[in-house]
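I'd like to ask some things about the structure below.
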Amino acid sequence: MSEATIESVSHENRVFPPSEEFSAQARISTREQYEALYRRSLEDPEGFWREQAEALHWFDAPETIVEWKPPFAKWFVGGTTNLAYNCLDRHLDGPRRNKAAIIWEGEPGDIRVLTYFQLHREVCRFANALEGLGIGKGDRVGIYMGMVPEAAIAMLACARIGAVHSVVFGGFAADAVRDRMNDAQAKAVITQDGAYRRGSVVALKAQVDAAVEQCPSIEHVIVLRRTQNEIEMREGRDHDWHELVANSSSTHQAPALDAEHPLFILYTSGSTGKPKGVLHSTGGYMVGTYLTSRYVFDLREEDTYWCTADVGWVTGHSYIVYGPLANGASAVMYEGAPNAPDPGRFWSIIERHGVSIFYTAPTAVRAFVKWGDDWITKHDLSSLRLLGTVGEPINPEVWVWYRNVVGGGRCPIVDTYWQTETGSIVMTPLPGAVAAKPGSCSLPFFGVSAKVLREDGTEADTNEGGLLCIDRPWPSMLRTVWGDDERYKQQYFSRFEGKYFTGDGARRDEDGFFWVVGRIDDVVNVSGHRLGTAEIESSLVAHALVAEAAVVGIPDEFTGQALVAFVTLKSGNTPSPELADELCQHVGAEIGKFARPKRIRFADAVPKTRSGKIMRRLLRDLAAGKEAHGDMTTLEDIGVLAQLREHEEG
Ligand code: WTA
């Protein structure tokens, strides 16, 4: 093994094939069928993607399928289309016309259903309103909203007229809005008076006011009234959403846009540094999200599909709005927190709307485990037929819990691996075709040539950990970093020439299954063993009393680095030195002595990004007794850090 190899220490070997019933009705029913299609997608990418793209509407058919001048790709060159047209107009001539497109539930309990006909109308009206303000093709538009249908309407209206949206998660504050609007030189920003969150009102408009003071490019602010909190409206600059659309026509002809027309910018910070404006374009992203939604979620006409992500993240873009709507699906959208008014909220939503496909994040599943099974079992979840996760590696024990308690032991789970940059899912089990292994994102999706590479660029052996790369372009890949081609090259294509590097570590097992072991930045070196944190964390989470664990390395004079584990216990358990000892023994027994944490620190919570990923960077500083440094704006709850520090002193 080379020095830079990441050692994999997981012994997970359980396998969960889909039920015969599920496979029988699935779009892809066997591994052979998957393999055949996958092979074709790599051997004949032109033919494969041309065929897939034909399911969607093009004003002009693409001439060239892909043009690859590394690291820059163009897809469906010469084709013209319109994503909003494909999400809406395309469905109006058939039986989907009056089908629910968005089934929305507000946090206070209000419910709105928008059919395709109605959603199309609203999008047209808003598109006309934007054009009326002089916003057009190529202009950048900020969207800083909560989880209301108007957020989707705003996105679709931008896509329709060819304006490039930049959604900023509603949990960010003024500075983040300002920096993103300035970087993109946005002309307008769309917001709300306030958003409901866990019973209180988050004053979004006030943040926009503060931000826009320092955004010279912003000419217009459009404000949706949702919470009726008091706001200031600046004459000439600020417009009331409802007044604008009241005077707008509900017909709008979708223009034909070039396949490579920029669709949206979405800022992603990674673990350090200035946020990068990941740029996606129209045609490739459309085909990618359409196809993955269809096959990964095995979408059927009668499904009620719910993705719990926020529209502020790429998951909300691809799998609440564009992918499901391009398929003519019915998507649930929920405004509030999972524990508002109590931890039963998600399960009551599933019961109330008959949700059949449920897609969430490991951080949420760990919270469900922590809150206890009773909240779940008292609801009728028999409508569910498929579960999914995204965002982090899922701990195998948590996966098994999810399958048994939420899925009643009958629903396949799709552990979907992808990134803001990849635009759509790049690795996943196909639910009817592939026997899942808990903790593995399984196999690459069609057209994705995923490789685990050593530092020297050669391919790693079976089960040898290395760097996860994709060595060919795929339709929904990012096109560049907004305004910074150099950073795009540096960040993604400098490690291996012409190959996209994900920043993640992974291994591939004897079945060809991929196991992501976490971000390369988080790899720890203990006595010469390079370990991804995910597997040690999973070992801790497999202990009956542990709800969540975050493992980091601190400098150690004997071992190079030593492991410190931050551990959150399940409700009702008390930390003790004996338990700490027991947990260390447990990891030693499961993985090996070398992986035993030097210290366990019990915590009520661990710091996470606002999208729910554990922020090990901050824990590293804390564990080493340093002040936390670097970008803190993505931290979900600053109080968590203070609390961890207090625990240390106390
Ligand atoms: C991690 C979210 C393991 C990974 C769509 C990736 C995962 C980063 C998985 C992207 C998964 C996402 N298994 N790790 N199924 N899904 N990740 O940009 O580290 O918010 O690089 O996109 O999340 O996060 P992003």
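These figures come from a predicted structure and were not determined experimentally. In listed order, ligands and their atoms are each counted from 1.
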Close approach, Trp418 and ligand 1, non-hydrogen under 4.0 angstrom: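 Under 4.0 Å: yes for Trp418.
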Close side-chain approach of Glu464 and Arg454, heavy atoms under 4.5 Å: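 Sidechains of Arg454 and Glu464: in contact.
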OG1-CZ distance between Thr389 and Phe358, expressed to the nearest 0.5 angstrom: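 If we round to the nearest 0.5 Å, Thr389:OG1 and Phe358:CZ are 11.0 Å apart.
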Whether Gly391 lies under 4.0 Å from ligand 1, heavy atom: yes
Ligand 1 N/O within reach of Gln419 N/O, cut-off under 3.5 Å: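 Among all N and O atoms of Gln419, at least one is under 3.5 Å from an N or O of ligand 1.
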N/O separation below 3.5 Å, Asp415 to ligand 1: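 The answer is yes, given that Asp415 and ligand 1 share an N or O pair closer than 3.5 Å.
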N or O pair under 3.5 Å between Thr268 and ligand 1: no
Which segment of Thr315 sits under 4.0 Å of ligand 1 when only heavy atoms are counted: side chain
Chi angles and distances behind the side chain to side chain donor-acceptor pair (under 3.5 Å) call for Asn463, Glu510: CA-CA 7 Å; Asn463 284 323; Glu510 49 289 339; 2.7 Å; yes
Close-contact set for ligand 1 against Val516 heavy atoms, below 4.0 Å: 3 (C), 14 (N)
Trp482 and Asp183 side chains, donor-acceptor separation under 3.5 Å: no
Identity and distance of the protein heavy atom lying nearest atom 3 (C) of ligand 1: Pro393 N, 3.1 Å
Other residues, nucleotides, ligands: >12 heavy atoms within 6.0 Å of Glu35 CD: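 Above 12, so yes.
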Residues Asp522, Thr533; criterion side chain to side chain donor-acceptor pair (under 3.5 Å); working and verdict: CA-CA 7 Å; Asp522 292 334; Thr533 51; 4.9 Å; no
Heavy-atom nearest neighbour in the protein, as seen from atom 13 (N) of ligand 1, with distance rounded to 0.1 Å: Glu392 O, 3.4 Å
Separation between NZ of Lys370 and CD of Glu548, rounded to the nearest 0.5 Å: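 Nearest 0.5 Å value for the NZ-CD distance: 7.0 Å.
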Short N or O distance, Thr416 and ligand 1, threshold 3.5 Å exclusive: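 Yes, since at least one N or O of Thr416 sits under 3.5 Å from an N or O of ligand 1.
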Atom 8 (C) of ligand 1 - nearest protein heavy atom and its distance: Lys613 NZ, 3.9 Å
Protein residue, atom and distance nearest to atom 6 (C) of ligand 1, heavy-atom basis: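 The closest one turns out to be Asp504 OD2, 3.2 Å.
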Shortest protein contact, atom 18 (O) of ligand 1 (heavy atom only): Thr420 OG1, 2.6 Å
Backbone N/O of Gly323 and side chain of His317: donor-acceptor pair under 3.5 Å: no
Note, Ser281 side chain near Pro262 side chain (heavy atom, < 4.5 Å):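 A side-chain contact is absent here, since even the closest heavy-atom pair is not under 4.5 Å.
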